[in-house]
Structures are given as structure tokens and as C-alpha cells.
Amino acid sequence: MNQELVTAYQPADIEKRWYAFWESQGVFEATPGSEKNPFVIVLPPPNVTGSLHIGHAFEHTLQDAFIRRARMMGFETLWLPGTDHAGIATQNVVERELAKEGLTRHDLGRDAFVERVWEWKATYGGRITEQMRRLGASCDWSRERFTMDEGLSRAVRTVFVRWFDDGLIYRGLRIINWCPRCGTALSDIEVEHEDVEGELVTFRYELADGSGSISVATTRVETMLGDTGIFVHPDDDRYRDLVGKKVRHPFFPERDMPIVADPGVDPEFGTGAVKGTPAHDPLDFEMGERQGLEKVNILTGTAQINENGGQFQGLDRYAARASVLKELQKLDLVEAIERPYIHAVGHCYRCHTEVEPWLSEQWFVKMKPLAEPAAEVVREGRIRMEPERFKKSYLDWMDNIRDWCISRQIWWGHRIPVWYCGDCGATFASLEDPHECPKCSSKSLTQDPDVLDTWFSSQLWPFSTLGWPDETEDLSYFYPTTLMTPGYEILYLWVARMIASGLYFMGDVPFKEVYVHGIVRDFQGKKMSKSLGNVIDPLDMVEAYGADALRFSLASGAVPGNDTNVSEDRIEGARNFANKLWNAARYVLLTIGDTRPSQVGDSLGLTDRWILSRLDHTVIEIEDYLGEYNWAEALRVLYRFVWSEFCDWYIELSKLSPDEGATRAVLVEVLDGILRLLHPVMPFITEELWSKVRPDAGSIMVAPWPQAVGRRDTDSESVMERFQDLVGSLRRLKVDHGIPQVQRIPVRIAAGKWRNELESMDSELIALGRLEAVEFVDEL
RNA sequence: GGGGCGUUAGCUCAGCGGGAGAGCGCUUGCUCGACAAGCAAGAGGUCAGUGGUUCAAUCCCACUACGCCCCACCA
């Protein structure tokens, strides 16, 4: 640690050294039951497949900053890290790997495939947490968790069985969102709607009795293969006489296709008559149920026309779309084609394939009874949500919630703990793998083949990671956690469900405050993506500018609820700031001799009182901004204080009296305060400098967070303001009069170098109305 | 179809009832004893438009225009 101070700050070695030191000292580790108050953040677990991208870096910087500040404020601090098994995403990754070997998961079989995923996890799963260390994340790695850990899996099962037994989990035949590429159902919020150019085809069905026809419109004309009726609105006079009649299907003349009236139809849209496809459209399903329509499924799991599609069997959905249209045209049934027709189509959030509404048997969680209390705690403020506006969208969503489809037809994940008895037909959920049917004692049991939605386990994260369902010391001390800092894109997918399940199983909220942040965009405000080539890799930035610089620039963009843009320029600016601090500290250390912080006496000069007052002011302002989670403003204040006040003025003025005790004491006192205020965001450089400023004080990580200590001094502030104003005027005058420009004019004035000249400029000073202030120069 | 956000200096963004700001970029001048990753001096804005509230509006309200986002089973 006794490395020579060099001119430019060199972060690389320092960062590595201090992180290793912190880990070795165990300063990240929390102790339950301590007398301090707990301050807890559970890390939103990144996908185990992930590598650290700039969004993670941003979120982790914020969390680390909150954690580090809390630690300095004297809280028992826990930042609990971990990763998510990310069902579909991880399975996709490993399947892609298999594909390179010319294999599919079916070639391996279920057990071998799952084994293979575990191997993958063992090899690559630690990458992202390794990268977090480079950023300086002060996580308690001794408590690191994975959503498929033994303990967390037990939590998942416990929850499933409880909800199953409480009637909150049920199985049903429903229209769900099916991803034909992933071969699995998706929940509604895993579907991303996007406008696409399609076509709106209007065609007609001839009435069976030959008395006319009825026209319908659709964007997916191939689904007419599954049509089993026509819906019209009961009050629609146009069709009143047709209700009860039948139409003839052009490809399946034997099919029974009644025209029925249902209030679900919007008479304003299209022709006001809807082709009824109960197996491939949610609304049609619902109306079909009411009207007793037959359900004809025409698609395979890979979105090809199945045996119900007659002559079209074997075509994929898009080929079938064209082919059916062509055949209808041949039959002269097509009345209009609107093309392009822009409409929203759902896409898989994992692979971006168009999702198909598909009829299948799935497991669901009944959300209404869970959502109501979860809405209540936010509505009444037991969970504070910042910025406030997210509260509204959260509540709207919760008030209109629909059931959650939790079964996935993949292999990687928590297997659904439900068994079917081959003898008595019983269906039951079980905590332990059963040996026999609890009803008839039959041994002929089959487990449900599906696994649970990955979010089913992540919703339990705030308590499953602390040991639940066991009553651990961690759980009772650290739950509820303190702060959750999600991006707004994950509010429904994750935050809402954590609140619901936390209330249900823990009887308390999972966290007390939610600070919603935006997403990171590039310097032009565009979303970062590989295809745009605008991705900034945080590790490259750490390499080039240091972790502190990256952290500072990210945190400076953290305006609550707003998206934040990063650019290399900004990071470079932050690096320059680190360097500025480094050099200022270098000057201070060279100047102060043996003087150390906390030696400020009573006999202080104007400038001493001024900078101490400004420091106090800065502390107060920062505290105010952080109270509203506003790191951006807090850091702006600090940046200004360090650069424009401490460096530009106080250090320069200190050169008048570098040998005075008061000067030395104040220099190091202010530096000490700056280091502590900056530590949450720039942990490395501050620790390094701290070790020089206070070699005997231990790590800055546990140094006390600065408090305002009543040094506000408005007199000195107003005098200095006028003085700064005066010096500015003098400098301008010198430029205007062609007098050679000088820097640090206060120093020279005091040194007498410019005194005569300045005095000869009285007339100009009078003209400027600044003359009175010259006295302050003399004072110095 | 609902809901939300934004429009401030060339660029990216803070600010938000009485002074229009920062970083980067630009111009000019500086090897002075912490720092050229620096210092100093500058140029550059009818704070999107219109109307209203107010003694006072970039800031509050309404409408308009243009962007963006979220939610949504209009076939």
C-alpha cells in the first residue's frame, strides 16, 4: 500500500488490490441478530446465462452505492447476491450448443439433458458474479444463491403445494400463448406485442340453406380451418334474421357451423360478424364456451397444420395462410384484402418468434386473491414506490390482473410437483416425491412432465434466499428487506409477484421501498443492442477508465424513473474527475505533514470557515437528494464542491499559508469528508486515498457517513462570493487590457506581485462598481 | 383502444414560480511550485407552439405539434 503517488491516477492495480482486501477481511458479510438495524437488498438475480451488460452495471452500481452508504451509516448491511436459472433462456443456450454437435435435447433424453445444463452452469454460471466483483460490488458472497439450489427448490415446492391445497393453483384447458419455436406456453407478460404488416382478409361463408352469405374478416385466414361457427352481436339488426341459421365450411362441408349471437362481438369492427375459432383465439374461446361451439385445433406444437386441416395438413402456418387464401379466391369467396394491414402481434420474449394463441392444458395461479392484498400495501404506502407515478401503473395492473400460466413445456426448471394416479385417477401435489397414491395406495404414479415458469421461483427470492421455509435466523432478522431497485420493465413480471407471495407466505411485505429506475441507453438515447452496434461493454470501460469512473458516470445518470444515457465521453469525464481528486489529494498529503483529520481548531481564517461551511452545506444537500434516491443530483453537488470550490478556490488560497496549522487541518478535514461522501460511488480510489489520509483508521467502508456538524457560516459564504466575483472581474479586466494573463491571481495578489498594477486599475474597478471588494484582497 | 413520459446551448441531459445551468464539443490564451485526464477567458438558448392562471412562468393549467414507452383477446 505504500506505492508512490504518481501524477495520473492508475486504477487497475488499486482496484484489484482493494477488492481482494475487502473480501479477505469479510467486510461484506452480514451478521444476523446484531444490535444494529438491518439494511437489506436482495440482488435481482441476473440470468445464469448472462454476462454483465451495462444495464447490470448500472443497477449494481446503484445498489452497491446504497449498501455502502448504509454500511457507513451504521446499519447491519446485507446485499444478497445470486443468479436465476432462467428456464427457457438457459435451455435455449444449451440446446444451441447441442445443435453444434448435431444433437437435439430429445437425442439425450430428459435426465441427460438436465445433467448437461448443470454442467454448463458449473462451467459458465459464475461468469456474471465474477464480473460483478470487477465493479466493486460489496455483496455478501457467502450467502450467494441460485434459484435451483436445494433450499430454494424446497421453497418452490412448498409454495406450490400450499397454493395447490388452498385452491389457488388449478389446471385448465385454455387458450394460452404458445411459442412454436421454444415449444412451450408463455404467460401473458412474457409476450411482447409489436406492430407488424399483415393482411386483413374479408371472405364470406355461404349459408347452408343457400339463402345468402355472411362476411367475416381476419388477419390469420388459415385459422378458418378451425372455424366452427359465426358470432354476431345480439342487438345487430343486420344479422338478426341470420342467428340460428348455419353456414357451410368450404373445406369441411359436413361441419356444423351455427350463427350465434354473443355480446362479446364489437358490431363496429369489420363486418360486425366474427368467424368463430374457439381453439385459436381467446375471445372466440370465451364466446365459444358460452355458445357451446365445438373446438377444432388445427395446429401442431410447431405451428404446422395438423390432421384437422384436411388438404392443408403439413403446411406451416405462414404457408397455410397463403394457401388457404388462394383456395378461397379460387372458390370466389374472398371479398377484400387489405394489405399491408398494421396490427399488433405477440412475440416470444425469449426468441422473438410470433406467438400462437393455442388451446392447451396448463397450470395456472389464481391471481385475484393474491393481487388484492398486494395492491393494498402499495396503495396505503406500506411499500413506498418511487417515483410515485409507477404506483399508478402498478395498481392499474393489479386491479385488472389475470391468471398466471405457470407451466412450461421445457425440461430445465422446477418440475411441477403434481402426480397422477394411474389407477384411481387422483391428481395431487406433494412436497416429497410420493411412493404411492395417497387415495388408493397405487404405485402407478406419473409426475406431470412440465416445469414451472422461471418467475415462479424468482417471486420467492426475498425470503427463499434467507432460508424459508425454514425459520432461520437470517429470515427473522433480515426480512422484510429494505430496498428493491428494479427497472420499470420488470415491475409486473417480478416485483408485483414478490409482493403477492411475500404477503401470502411471510405475512409481511418483501421490501419496504421500491425505487424504480430507467434503462440504460446509448449517447443518442437509443436502446443498446448488438445489431445496432452501440453496445458499451462495462468491462471494457473498467479496463480503460477504471471501475470508479464507470460507476460514477452511471450513478450520475440515475435520475429517478428516467432512462439514462451513457457514452464513453461521459465515462472519460468521470475518469478525469477521479484524476482530479487524486491530484488534489496528492497536494493535500504533500502539504499537511503530520496533520490528520479532526484537528480543526477554533482559530480559523475566512477561507477556512468558508470551505467548512460549504462542506456542511454539501453534506446536507446530498442527504436531501439521496432521500429521494437521486444520485444524479447528489453527485452533481459533490462534483461541484470538489472541483469548483475545494480545488479551484480553497486549495489555491491555501497556498497563501501552507504552513499554518489551521490551513493544514482544514485541508485534510475537507478531503476526509469528500472521500467519505464519495465512497459509495467510487469505492476504490477513496479507499486508496483513505489509507493514506487515515492510515490507522481501518477501511473507509466502515468509516462513519459524514454529518453536517453545524459549521454553516453565511457571513464567510457571502464574503467569499463577493471575493470570487471580484477576482473574476479582475481577470476579465486583465484580458481586456492586454495584461498578461495569470492564474491563481489570489495567490499572487497576496504575494504582492500584482498589487501595484491592480491599484493602478482603480478607475476600471470603480467603473465596475467592484472597488469596495479590494479590501478583501488586502485581507488575504 | 387505455395510461404514462419527453420536447431547455452544436450533442447528451439537469433544473422547475422571481437570476437560464452542467458535462462534452467549439474559439482564444497558458510548460506557474496537485492536476494538460489540467488552468483561465469566451462564443453559443424567443427553455417546442398557442392560450390561460399569477404582481411575476422554462417551471402551474388547457389545447396543439412532434418523439418515446407501458398496458390491451378488436377478429
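Below, chain A is the first sequence line, B the second, and so on; all start at residue 1. Only this structure's heavy atoms are used, side chains among them; waters, hydrogens and symmetry mates stay out.
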Atom pair distance, as rounded to whole Å: NE2 in A:His347 and P in B:rC70: 14 Å

Any A:Asn583 side-chain N or O less than 4.0 Å from OP1/OP2 of B:rG38: no

Side-chain donor-acceptor contact under 3.5 Å, A:Ser657 with A:Thr663: yes

Whole-Å gap separating C1' (B:rC35) and CH2 (A:Trp582): 12 Å

Nearest-Å distance once atom C1' is located in both B:rA40 and B:rU31: 15 Å

Nucleotide forming a Watson-Crick or wobble pair with B:rC39, both distances under 3.5 Å: B:rG29

Distance between P atoms of B:rA9 and B:rC35 (Å, rounded): 37 Å

Sugar-phosphate, base or nothing in reach of A:Asp396, heavy atoms under 4.0 Å: nothing

P gap between B:rG6 and B:rG52, integer Å: 25 Å

Proximity to the side chain of A:Trp643 - top-ranked nucleotide from B:rG38, B:rA34, B:rC73: B:rG38

Nucleotide nearest A:Glu652 when distance is taken to its side chain, options B:rC73, B:rA34, B:rA37: B:rA34

Rounded distance (Å) that lies between atom C1' of B:rC74 and atom NE2 of A:His280: 19 Å

Touch class at under 4.0 angstrom, heavy-atom based, for A:Arg174 against every strand present: nothing

Closest-nucleotide ordering on RNA chain B, the 5'-leading residue of A:Trp397 and A:Gly573: A:Gly573

Nearest-Å distance once atom P is located in both B:rA65 and B:rU12: 24 Å

OP1 or OP2 of B:rA75 under 4.0 Å from side-chain N/O of A:Tyr341: yes

Atom pair distance, as rounded to whole Å: CG in A:Asp403 and C1' in B:rC73: 15 Å

Spacing between A:Asn576 atom CG and B:rG38 atom C1', to the nearest angstrom: 9 Å

Partner nucleotide of B:rA75 by Watson-Crick or wobble geometry (both distances under 3.5 Å): none

Spacing of A:Tyr545 atom OH relative to B:rC24 atom P, expressed in whole Å: 13 Å

Which nucleotide in B:rG38, B:rC39, B:rA75 has an atom nearest any side-chain atom of A:Asp648: B:rC39

Aromatic plane relationship, A:Tyr205 with A:His249 - under 30° parallel, 30 to 60° tilted, over 60° perpendicular: tilted

Distance-only donor-acceptor test (3.5 Å): side chain A:Arg636, base B:rA14: no

Whichever of A:Arg389 and A:Glu633 has its nearest RNA chain B nucleotide further upstream toward 5': A:Arg389

Rounded interatomic separation in angstrom, taking CD1 from A:Ile189 and P from B:rC71: 9 Å

From B:rA75, B:rA22, B:rA37, nucleotide with atom closest to A:Arg640 side chain: B:rA22

Heavy-atom check, side chain of A:Val516 versus side chain of A:Val514, under 4.5 Å: yes

Nearest listed nucleotide, side chain of A:Ile651, among B:rA34, B:rC73, B:rA75: B:rA34

Sugar-phosphate only, base, or nothing, as touched by A:Tyr492 at under 4.0 Å among non-hydrogen atoms: sugar-phosphate

Main-chain N/O of A:Ala279 paired with A:Thr277 side-chain donor or acceptor, under 3.5 Å: no

Sugar-phosphate, base or nothing in reach of A:Asp569, heavy atoms under 4.0 Å: sugar-phosphate

Selection from B:rA34, B:rA72, B:rG23 that lies nearest to any side-chain heavy atom of A:Tyr639: B:rG23

Atom pair CG/NZ of A:Asn400 and A:Lys368 - distance to nearest 0.5 Å: 7.5 Å

Interatomic distance at C1', B:rC68 relative to B:rA48, whole Å: 15 Å

Minimum-distance nucleotide to A:Val559 side chain [options: B:rA34, B:rA14, B:rC73]: B:rA14

A:Trp649 side chain near B:rA40 phosphate (N/O to OP1/OP2, under 4.0 Å): no

Short side-chain N/O contact to B:rC70 OP1/OP2 from A:Lys392, under 4.0 Å: no

Any strand: nucleotide that pairs with B:rG6 via Watson-Crick or wobble, under 3.5 Å: B:rC66

Backbone of A:Glu356 reached by a side-chain donor or acceptor of A:His280 within 3.5 Å: no

Separation of the C1' atoms in B:rG44 and B:rC11, to the nearest angstrom: 13 Å

Axial cation check for A:Phe231 ring with A:Lys275, 6.0 Å and 45° limits: no

Separation of B:rA75 C1' from A:Leu283 CG (nearest whole Å): 8 Å

Closest heavy-atom pair and its distance - A:Ala584, A:Cys647: CB-SG, 3.7 Å

Pairing partner of B:rC60 (Watson-Crick or G-U wobble, both distances under 3.5 Å): B:rG52

Same-atom distance (C1') from B:rG15 to B:rC74, integer angstrom: 44 Å

Proximal nucleotide (of B:rC39, B:rC69, B:rA75) relative to the A:Tyr488 side chain: B:rC69

Separation between the C1' atoms of B:rG2 and B:rU58, rounded to whole Å: 30 Å

